[in-house]
Amino acid sequence: MLLAEAPDALEKRVKERREGLPELPNAVKGEVILRFAPNPNGPLTIGHSRGVIINSQYAEMYDGKMILRYDDTDAKIKRPDLKAYDWIKEDFTWLAGVKPDIILEASARMPEYMAHAKQFIADDYMYVCTCTADEFKQLRIDQQECPCRANSALKNSDLWNQMNDTEGGFNEGDAVVRVRTGMEHKNPALRDWPALRIQRASHPKVGDKYRVWPLLDFQSAVEDHVQKVTHIIRGKDLMDSTRKQKLLYEMAGWNYPETLYWGRVKVHEFGGFSTSQMKIDIENGDFNGWDDPRLPTVRALRRRGFSAAAMRKFWIELSLTQKDISVPLATLISHNSTEIDSSTPRLSFIQNPVMLALNCAGIELPDAIDIPCHPLEKEMGVRNWALPRDSELQVYIEKEDFDIAIASDGKIRLKDFADIDVSENKGGVVTSMPRSDERPIIHWLTEEMATNHTLLRPDEQGEQLDEIKGLLEKNPHPSGTIIQLERIGFARLESSESEPSMTRMIWTHS
RNA sequence: GCUCGCGUGGUGUAGUCCGGCCCAUCAUUGCAGGUUUUCAUCCUGUCUACCCGGGUUCGAAUCCCGGCGCGAGCACCA
């Protein structure tokens with residue numbers, strides 16, 4: 001009886017809510033090899049961060065290996081930026097929390113690709129085509145074979161040598177190598193797709209060493225096989241790439257990796273994340289650099305005080321689906337708040353300061369007050385504010401709060417300190433240290449604790465970068481510390497490298 | 001034009017393979033309230049969804065057919 005019911009019980013369990021990422025198909029623990037293959041034409045964007053995080057998360061789940069591969073085989077249209085190689089490695093490591101297991105540069109792997117190309121041509125899997133792009137486009141539409149297709153493997157090997165030879169008579173655009181997949185495929189994208197072409201632009205890494213360069217589908221197909229990649233996770237725009245590459249794998253007798261896809265992602269506040277476009281905008285002076293807080297780059301987010309842990313939670317929650325999605329930044333912000341709230345020390349920041357001269361003759365004030373650095377995390381200690389011995393206390397409050405005070409009979413409470421009554425002439429009197437009524441509570445600063453600071457904050461549309469001047473509480477936190485400004489929101493302390501004394505904050509979020 | 005993929009609340013997401021435990025999960029957002037000497041954190045409540053139309057079935061988010069919508073590929077870019 002019990003045995004008969006057991007299968008039922010098992011099926012129920014399957015229906016329970018899945019936690020985290022879905023299982024990888026045919027994954028064997030310890031044998032999974034994944035790769036993340038960006039074009040090094042700029043630092044990583046939020047879009048790339050999905051690739052880094054999902055892949056590295058799977059690598060962790062299955063005790064697998066993670067390859068970071070620079071797909072730098074186009075020195076002309078998507079010209080590699082030498083600095084980007086380091087930026088990407090840095091961004092990757094920050095996001096994943098670990099370094100990639102293997103780092104590869106396609107440009108450094110050229111001998112491998114060229115050897116395979118040569119062999120595939122000799123095996124008659126690929127042929128040299130001298131049609132123009134337009135001619136072939138028409139042939140593809142008409143499902144007609146081009147004349148070059150009839151050439152023998154021997155002839156093609158000869159043409160291949162000519163393509164690679166400076167004196168060979170072939171120039172950029174004169175000849176490409178195609179994979180002999182067949183012109184009868186009903187999917188036009190698969191018909192004798194191009195694998196390698198001539199490109200004369202000098203490559204930032206290897207100079208003029210090569211004339212012929214592989215295209216993504218070929219380079220990636222060969223490299224994934226050589227590296228024994230078991231799972232490829234890529235955008236669904238690359239679905240036909242998978243199909244193209246599978247045809248080549250079939251000819252070569254190789255096993256194609258398991259492939260999973262994700263859809264397009266947009267973040268409401270940013271729209272898309274085109275590296276090329278950002279590069280242009282930066283060069284035009286529209287932005288101050290790749291880490292401009294308005295940009296959707298990983299370094300900008302990091303500079304703004306977003307944590308890698310929040311980014312990871314964000315992408316894992318979005319999971320791996322083929323839907324095109326558009327997410328509000330609020331989702332990431334929410335993850336970030338929960339992630340950083342308990343570890344961010346509180347500080348007082350006064351925008352539009354108004355100085356109040358408070359008479360405290362009627363009250364016995366202590367020499368100093370201790371304010372918790374964090375309302376819940378007591379082990380973070382206290383902030384010690386000395387109070388002057390005079391009968392007059394000078395404090396700063398925000399103009400906005402001053403107006404509120406005036407509007408409510410001048411009765412207001414300085415947080416963690418005392419009730420005060422203020423008057424329109426900016427004078428006032430300390431009436432009680434303990435809270436005596438329900439009057440509003442505001443943040444404030446003693447004159448002694450105030451230092452000039454600016455808060456760099458992108459406007460709502462992310463177009464302007466506002467520089468808000470104000471008074472920040474003196475504090476011992478080093479540059480890079482993420483803090484919470486009482487009643488305002490999170491920010492990250494930053495000192496400029498050229499002027500260490502010049503400190504400012506970058507706005508994180510409220 | 002050909003080919004491919006996707007359609008669950010405002011936004012994401014679970015469930016879809018193997019139809020009933022689904023008057024549909026979880027999170028986030030919005031709204032309402034509570035705790036709090038921050039407009040933070042935390043807690044409670046609440047609104048809103050299976051693209052449409054047929055079919056199969058005792059029963060469909062789930063299977064079948066047709067439509068519609070959105071996205072992508074058909075580059076000598078990645």
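The figures that follow rest on heavy atoms only: side chains count, while hydrogens, waters and symmetry mates do not. First the proteins, then the strands, lettered A, B, ... as listed; each starts at 1.
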Discussion item. Return whichever of A/Phe490 or A/Leu190 has its heavy-atom-nearest nucleotide of RNA chain B closer to the 5' end.
Written reply: A/Phe490

Fill in: Nearest-Å distance once atom P is located in both B/G9 and B/C51
7 Å

Discussion item. What's the closest nucleotide to the side chain of A/Pro194 if the choices are B/C76, B/G5, B/U37?
Written reply: B/C76

Worksheet entry | Residue A/Pro188, side-chain heavy atoms: nucleotide from B/C39, B/G71, B/G73 that is nearest | B/G73

Practice prompt. Kindly indicate whether the side chain of A/Lys78 and the base of B/C77 share any N or O donor-acceptor pair separated by less than 3.5 Å?
Written response: yes

Worksheet item: Of all the nucleotides listed (B/U38, B/G12, B/U37), which has the minimum atom distance to the side chain of A/Asp416?
Response: B/U37

Worksheet entry | Separation of B/G30 C1' from A/His268 NE2 (nearest whole Å) | 13 Å

Discussion item. Any side-chain N or O of A/Arg346 below 4.0 angstrom from OP1/OP2 of B/A40?
Written reply: no

Worksheet entry | Spacing between A/Arg264 atom CZ and B/G12 atom C1', to the nearest angstrom | 17 Å

Fill in: Contact under 4.0 Å: A/Thr73 side-chain N or O vs B/A78 OP1/OP2
yes

Worksheet item: Using a cut-off of 4.0 Å on non-hydrogen atoms, how would the nucleic acid contact of A/Thr321 be classed: base, sugar-phosphate, or nothing?
Response: sugar-phosphate

Worksheet, complete the sentence: Ranking B/A40, B/U37, B/U13 by distance to the side chain of A/Asp341, first place goes to B/A40

Worksheet item: Will you find, in the side chains of A/Gln245 and A/Tyr256, an N or O donor that is under 3.5 Å from an N or O acceptor?
Response: yes

Worksheet item: Which part of the nucleic acid does A/Thr132 contact within heavy-atom distance under 4.0 Å: base, sugar-phosphate only, or nothing?
Response: base

Item to complete: To the nearest Å, give me how far apart CD (A/Glu269) and C1' (B/U28) are.
Response: 13 Å

Worksheet item: What nucleotide, of B/C4, B/A40, B/A14, holds the atom closest to the side chain of A/Lys186?
Response: B/C4

Item to complete: Could you give the distance separating B/U62 and B/G7 at their P atoms, to the nearest angstrom?
Response: 12 Å

Response to the item:
Checking A/Tyr70, A/Tyr210, A/Trp213 against A/His203 for ring-ring contact (aromatic ring centres under 6.0 Å, His included), the one that qualifies is A/Trp213

Fill in: Nearest-neighbour nucleotide for the A/Arg413 side chain, B/A27, B/A40, B/U37 considered
B/U37

Worksheet item: Within this structure, what is the CG-to-P distance between A/Leu21 and B/G12, rounded to whole angstrom?
Response: 18 Å

Worksheet item: From the list B/U29, B/U37, B/U41, which nucleotide is the closest neighbour of the side chain of A/Ser337?
Response: B/U41

Discussion item. Could you tell me how far B/A24 sits from B/A61 if I compare only their C1' atoms? Round to whole Å.
Written reply: 8 Å

Practice prompt. Pick the C1' atom in B/G34 and in B/U41, then give their distance to the nearest Å.
Written response: 14 Å

Practice prompt. Provide the Watson-Crick or G-U wobble partner of B/G1, both distances under 3.5 Å; none if there is no partner.
Written response: B/C74

Practice prompt. Taking atom P in both B/C58 and B/A14, compute the distance separating them and give it to the nearest angstrom.
Written response: 32 Å

Worksheet item: Between A/Gln322 and A/Tyr261, does any side-chain donor sit less than 3.5 Å from a side-chain acceptor?
Response: no

Practice prompt. Using whole Å, report how far CZ of A/Arg79 lies from C1' of B/C77.
Written response: 15 Å

Worksheet entry | Within 45° cone of A/Phe136 ring axis and under 6.0 Å: A/Arg178 NZ or CZ | yes

Worksheet item: How far, in whole Å, is B/C18 from B/U13 if one measures between their C1' atoms?
Response: 22 Å

Item to complete: Using the C1' atoms only, state how far B/C64 lies from B/U56, rounded to an integer number of Å.
Response: 7 Å

Discussion item. Does atom NZ (A/Lys378) have a neighbourhood of more than 12 heavy atoms from anything else shown, all under 6.0 Å?
Written reply: yes

Worksheet entry | Residue matched to B/U56 through Watson-Crick or wobble contacts both under 3.5 angstrom | none

Worksheet item: Taking the six-membered ring of A/Tyr85, is the NZ or CZ of A/Lys205 close enough (under 6.0 Å from the centre) and on axis enough (within 45°)?
Response: yes

Item to complete: Report which part of the nucleic acid A/Pro375 touches: base, sugar-phosphate, or nothing (heavy-atom distance under 4.0 Å, all strands).
Response: base

Practice prompt. Please determine, for B/U16, whether a Watson-Crick or G-U wobble partner exists with both distances under 3.5 Å, and give it or none.
Written response: none

Worksheet item: Can you check whether A/Lys323 has a side-chain N or O nearer than 4.0 Å to OP1 or OP2 of B/G12?
Response: no

Worksheet item: Is there a donor N/O on one and an acceptor N/O on the other, under 3.5 Å, for the side chain of A/Gln484 and the base of B/U38?
Response: yes

Discussion item. Mind checking if A/Leu216 touches a base, just sugar-phosphate, or nothing, with heavy atoms under 4.0 Å?
Written reply: base

Worksheet item: Among B/A27, B/U38, B/U11, which nucleotide sits nearest the side chain of A/Lys415?
Response: B/U38

Practice prompt. Nearest whole angstrom, please: distance from the P of B/U41 to the CD of A/Glu377.
Written response: 14 Å

Discussion item. OP1 or OP2 of B/A14 versus the side-chain N and O atoms of A/Ser319: is any pair under 4.0 Å?
Written reply: yes

Discussion item. Does the plane of the ring in A/His335 sit parallel, tilted or perpendicular to the ring in A/Phe314? Use 30° and 60° as the thresholds.
Written reply: perpendicular

Worksheet item: Which nucleotide, in any strand shown, forms a Watson-Crick or G-U wobble pair with B/U38, with both distances under 3.5 Å?
Response: none

Item to complete: Identify whether any heavy atom of A/Ser276 sits under 4.0 Å from a base atom; if not, whether one sits that close to sugar-phosphate; answer base, sugar-phosphate or nothing.
Response: nothing

Practice prompt. Return no unless some side-chain N or O of A/Ser342 is found under 4.0 Å from OP1 or OP2 of B/U41.
Written response: no

Worksheet item: Out of curiosity, A/Ile350 CD1 to A/Asp401 CG, how far, rounded to the nearest 0.5 Å?
Response: 7.5 Å

Worksheet item: When you measure from the side chain of A/Arg487, which nucleotide among B/C4, B/C42, B/U38 comes out closest?
Response: B/U38

Worksheet item: Just checking A/Val176: base, sugar-phosphate only, or nothing, at a heavy-atom cut-off of under 4.0 Å?
Response: base

Response to the item:
Of the candidates B/C6, B/G73, B/U37, the side chain of A/Asn187 sits closest to B/G73

Worksheet item: Taking CD1 from A/Ile141 and P from B/G73, how many angstroms apart are they, rounded to a whole number?
Response: 16 Å

Item to complete: Could you give me the CA-CA distance, side-chain angles and deciding distance for A/Ser276 and A/Asn41, then say whether side-chain contact (heavy atoms from CB on, under 4.5 Å) is met?
Response: CA-CA 7 Å; A/Ser276 322; A/Asn41 63 341; 3.9 Å; yes

Practice prompt. Find the distance A/Leu376:CG to B/U38:P and express it as a whole number of Å.
Written response: 10 Å

Worksheet item: Expressed in whole Å, how much space separates the C1' atoms belonging to B/U48 and B/C26?
Response: 16 Å

Fill in: Upstream residue (5' side of RNA chain B) when A/Arg191 and A/Arg197 are each assigned their closest nucleotide
A/Arg191

